[in-house]
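For the numbers below, each heavy atom of this structure counts, side chains included, while hydrogens, waters and symmetry mates do not.
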Protein chains: 2
Amino acid sequence: MAFADTFKALSDPVRRQILDLLKEGPMSAGDIGSHFDMTGATISYHLKILKKADLVFESRDKNFIYYQLNTTVLEEIMLWISSLKGGDFDAESK
Amino acid sequence: MAFADTFKALSDPVRRQILDLLKEGPMSAGDIGSHFDMTGATISYHLKILKKADLVFESRDKNFIYYQLNTTVLEEIMLWISSLKGGDFDAESK
DNA sequence: CAAGTATTTAGAACTTTTTCTAAATACTTG
DNA sequence: CAAGTATTTAGAAAAAGTTCTAAATACTTG
C-alpha cells in the first residue's frame, strides 16, 4: 500500500525468500510453504503482508491460489535508494 | 554488517528519515535529534542500528560526533531488488 | 450434497523492536 | 581539575511482529 509497508515487508528474511521463489514464476500458497519449515498458517500470514505491500498479487485457479511477483512497486524503492546516493539513477550507472 | 541487517535498518521510518537528512551532509547526533520528537537516547539507538548496518559512519570533532551517509551498501540492495525484476539492472533502465 | 484438499482467520504465546528515564562516559574549556 | 555540554549505555515498559494450534472458509469433484 504505502512506501513504509513495502520496506516493512522486505525486512523479513522469509518474505524475501518468498519473493526469490516467485522469480521463477507463479506458485501456489502450498508450494511456497513446502520450501519452509513452517505451518501453512504462518506462510499465509507472510503472504498477506506481501500482498498488502503490493509486492505480490494472487490469482485463483481451481482449488489453488497462485501468488505472483508484482515488481511495479520496486521502482519506487529503487528511486528512493538511488536518491540517497546523491541523485540521478541513470547517471550513476555507467 | 549483513544483508539482512541493512533491510532491517531500512524498515523503520525514523531511520529512513535520518538517512534523508544526511543526504545534505554530515550532522551531529544532536542536530539529527532536533528533527524528531524523541529523546536523544532513542536517536542514539537508531544511529547505532544504522551504523551496524554500515549505512552511516561517524567521525568525531571536538565534543561532537558527526554522522555521515555511507552509500556503498546500497549497491547490494539495489542489485537484489533489480534481480527480482527479472535480471539486469542496466538493461532495464533505458 | 458429502468428503476431501487448499488456504485463511482467530487467538494465544513468544520474541523482537522501539521508546523512555536515569545514570554513565567522553570530551572541552575556563 | 571542575563544570558544562554531547552522546551513549542500561534496564524497564510498551508496542509490534512472528509463530503456532485449532477452527473456519472456499472450492472441487464423485
Side-chain angles (χ1 to χ4, degrees), chain A residues 1-22 24-70 77, chain B residues 1-22 24-70 77:
Chain A
M1 205 109 256
F3 202 54
D5 288 326
T6 310
F7 274 106
K8 274 282 185 221
L10 291 174
S11 73
D12 185 85
V14 171
R15 290 191 291 267
R16 288 197 304 274
Q17 215 178 319
I18 290 174
L19 295 177
D20 273 328
L21 283 172
L22 293 179
E24 309 305 322
M27 231 180 195
S28 72
D31 261 7
I32 293 168
S34 73
H35 287 78
F36 298 88
D37 187 22
M38 296 173 155
T39 65
T42 297
I43 296 300
S44 183
Y45 161 78
H46 285 299
L47 289 171
K48 187 158 81 179
I49 288 173
L50 289 170
K51 210 163 42 183
K52 192 135 97 190
D54 278 332
L55 285 164
V56 305
F57 58 89
E58 60 180 39
S59 50
R60 291 156 185 268
D61 185 30
K62 294 223 182 125
N63 213 3
F64 299 85
I65 303 179
Y66 290 94
Y67 283 90
Q68 198 165 163
L69 270 184
N70 178 15
I77 299 293
Chain B
M1 203 115 257
F3 201 54
D5 288 324
T6 310
F7 274 106
K8 274 281 185 224
L10 292 173
S11 74
D12 185 86
V14 172
R15 290 191 292 266
R16 287 197 304 276
Q17 215 179 321
I18 289 175
L19 295 177
D20 273 329
L21 283 172
L22 293 180
E24 309 305 324
M27 231 181 195
S28 72
D31 261 7
I32 293 168
S34 75
H35 287 78
F36 297 89
D37 187 21
M38 295 172 156
T39 65
T42 298
I43 296 300
S44 183
Y45 160 79
H46 285 299
L47 289 172
K48 186 159 82 181
I49 288 173
L50 289 170
K51 210 163 41 181
K52 192 136 98 190
D54 278 331
L55 283 163
V56 305
F57 57 91
E58 61 181 38
S59 50
R60 291 157 185 268
D61 185 29
K62 296 222 184 127
N63 213 2
F64 299 85
I65 302 179
Y66 289 94
Y67 284 90
Q68 195 166 165
L69 270 184
N70 177 15
I77 300 293

Taking only Watson-Crick and G-U wobble pairs with both distances under 3.5 Å, what dot-bracket line describes DNA chain D, where [ ] shows pairs that cross earlier ones and | shows pairs with another strand? ||||||||||||||||||||||||||||||

Measuring only between side-chain heavy atoms, which start at C-beta, is [X] closer than 4.5 Å to [Y]?
X: A/I43; Y: A/Y67; result: no
X: A/D31; Y: A/F64; result: no
X: B/H46; Y: B/F36; result: no

Quick one, give me the B/S/- string for nucleotides 2-15 of chain C, reading 5' to 3', where B means a protein heavy atom under 4.0 Å from the base and S means that only happens at the primed atoms, P, OP1 or OP2. --BBSSBB------

Rounded to the Å, how far apart are [X] [atom1] and [N] [atom2]?
X: A/H46; N: D/dG17; atom1: NE2; atom2: P; result: 12 Å
X: B/K62; N: C/dT28; atom1: NZ; atom2: P; result: 9 Å
X: B/K8; N: D/dA16; atom1: NZ; atom2: P; result: 15 Å
X: B/D37; N: C/dT19; atom1: CG; atom2: C1'; result: 12 Å
X: A/I49; N: D/dA16; atom1: CD1; atom2: P; result: 14 Å

Classify the ring geometry of B/F7 against B/F3: parallel below 30°, tilted from 30° to 60°, perpendicular beyond 60°.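 Plane angle over 60°, so perpendicular.
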
Starting from the 5' end of DNA chain D, give me the residue, A/V14 or A/D61, whose nearest nucleotide shows up first.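 Of the two residues, A/V14 wins.
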
Under 3.5 Å, side chain of B/N70 to main-chain N/O of B/F57, donor-acceptor pair present?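 No, the answer is negative, given that no donor and acceptor are paired below the 3.5 Å cut-off.
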
Using only atom types and a distance under 3.5 Å, with no angle test, would you say the side chain of A/R16 pairs donor to acceptor with the backbone of A/L10?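 At least one qualifying donor-acceptor pair exists.
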
With B/L50, the side chain to side chain contact (heavy atoms under 4.5 Å, CB included) member among B/L22, B/L69, B/D5, B/L55: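 Only match with B/L50 under side chain to side chain contact (heavy atoms under 4.5 Å, CB included): B/L55.
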
Could you grab the distance from atom CD1 of A/I32 to atom OH of A/Y66, nearest 0.5 Å is fine?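 Answer rounded to 0.5 Å: 11.0 Å.
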
